[in-house]
Amino acid sequence: MATKLDGKAVSAKIKGELRERVERLRAAGIEPGLGTLLVGSDPGSVKYVAGKHADCAEVGIRSIKHELPADASFEDIAAVVREMNEDPACTGYIVQLPLPKGIDENAIIDLIDPAKDADGMHPYNLGELVLHVREDVTTPLPCTPRGCIELLGAYDIDLDGKEVCVLGRGITIGRTVGLMLTRRAVNATVTLCHTGTRDVVDHMRRADVIIAAMGSAGFVKPDMIKDGAILLDVGVSRVFDEEAGRWRVRGDIDKACHEKASAYSPNPGGVGPMTRAMLLANVVEMAERQLH
């Protein structure tokens, strides 16, 4: 029977540990604070940001909320980013993506102080991840890739020498998870598949681990994986359920694959909660660096 990689349970344990670390920081006179910038009122973004602040309350991190209307200019957004860079109460922060059309997201990300980059997606921090293959990385790490690796580690799944097939080349996970998986401490071998990959199923059938992050509901079928594969489902699609008469979240991996796998992450309830927990971990680590 396949092992369910329960992101909710693992993230709850991590948040309990973070709560203790926050208490120690406060005793030392440091109060971690997470800032968010939400531009517009996209329902998904509003819900996601609210969830992050609920997580903060759970572990004792201060919430610092900034909101701008959907018609905010580049300079309006840049001004708030600069404000958070200078705010000593803001240990780390995120700019919720996507930004409204016409706003250069990369230019906004470039303005973030790398030391306050709670998402771990600033070019400087990604560059540090590229450079430090053998040593510890002391800059913020990308939350979703880190969440994947922490989730596997919680179930004592050793990736050393494993063949990992990543589906999707988005910056949030597809292109960044390989940087973490190929570090000496993890030591996996990674194949990154995308829309230009020929014979993608051949790559999938050879893989010990599949990380699906395409946003293509139910793409991965049982005949595409080998017996005993480990499956991490990161993709998110909204699919209309005719029977229930409402929209549901579906991942990239068909649930029928679970019977053939040795371990799998449910979606929702797998990598998603881990991503949120890693955001908190980044903020706590930023605050702990102030002790040294």
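Listed for the D76 side chain is a donor-acceptor partner under 3.5 Å among the backbone atoms of S73. Using a distance-only test at 3.5 Å, with no hydrogens or angles considered, a donor-acceptor pair links the side chain of E105 to the main chain of L99. The closest donor-acceptor contact from the side chain of R26 to the backbone of G60 lies under 3.5 Å. Side-chain atoms of K4 do not come within 3.5 Å of backbone N or O of P266 as any donor-acceptor pair. In terms of modelled atom types and a separation under 3.5 Å, the side chain of K65 and the main chain of V49 share no donor-acceptor contact. The backbone N or O of E31 lies less than 3.5 Å from no partner atom in the side chain of R62, so there is not a single donor-acceptor pair. R183 contributes a side-chain N or O that, together with a main-chain N or O of E135, makes up a donor-acceptor pair within less than 3.5 Å. Using modelled atom types, no side-chain atom of N85 and backbone atom of I112 make a donor-acceptor pair closer than 3.5 Å. Between the side chain of H194 and the backbone N or O of L167 there is no donor-acceptor pair closer than 3.5 Å. Listed for the R289 side chain is a donor-acceptor partner under 3.5 Å among the backbone atoms of T138.
Qualifying side chain to side chain donor-acceptor pair (under 3.5 Å) partners for T91, counting only residues two or more places apart in sequence or in other chains: none.
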Distance-only check: which donor-acceptor pairs under 3.5 Å involve side-chain atoms of residues 209-229, not counting sequence neighbours?
from	atom 1	to	atom 2	distance (Å)
K221	NZ	G218	O	3.0
K221	NZ	D254	OD2	3.1
K226	NZ	D208	OD1	2.8

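Of the candidates D113, D117, L111, T139, D117 is the only one forming a side-chain contact (heavy atoms from CB on, under 4.5 Å) with H122.
Considering CD1 of I61 and CZ of R19, their distance stands at 10.5 Å, rounded to 0.5 Å. Of the inter-residue distances, the one linking I30 atom CD1 with R24 atom CZ reads 12.5 Å to the nearest 0.5 angstrom. Between M180 atom CE and I173 atom CD1 the span is 10.0 Å, to the nearest 0.5 Å. A distance of 11.5 Å separates OG1 of T144 from CD1 of I171, quoted to the nearest 0.5 Å.
Among residue pairs with one or both ends in residues 232-241, those qualifying as salt bridge (Lys or Arg N to Asp or Glu O under 4.0 Å) are D241-R248; sequence neighbours excluded.
Of all non-hydrogen atoms in P268 and V249, the two that sit nearest each other are CD-O, 4.3 Å.
Note on V137 and L126: separate hydrophobic clusters, where clusters join Ile, Leu, Val, Met, Phe, Trp and Tyr whose side-chain heavy atoms are under 4.5 Å apart, directly or indirectly. Side-chain heavy atoms closer than 4.5 Å link hydrophobic residues (I, L, V, M, F, W, Y) into clusters, and following such links, possibly through other members, connects L34 to I14. When hydrophobic clusters are built by joining Ile, Leu, Val, Met, Phe, Trp and Tyr residues whose side-chain heavy atoms come closer than 4.5 Å, directly or via intermediates, I149 is grouped together with L18.
At a threshold of 4.0 Å, the pair R206-E163 does not count as salt-bridged, since none of the basic side-chain nitrogens sits closer than that to a carboxylate oxygen.
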Could you give me the CA-CA distance, side-chain angles and deciding distance for T182 and V133, then say whether side chain to side chain contact (heavy atoms under 4.5 Å, CB included) is met?
CA-CA 8 Å; T182 53; V133 175; over 6 Å; no

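The closest side-chain heavy-atom distance from T36 to Q96 is not below 4.5 Å.
Aromatic ring orientation, Y264 versus H258: parallel (interplanar angle below 30°, classes split at 30° and 60°).
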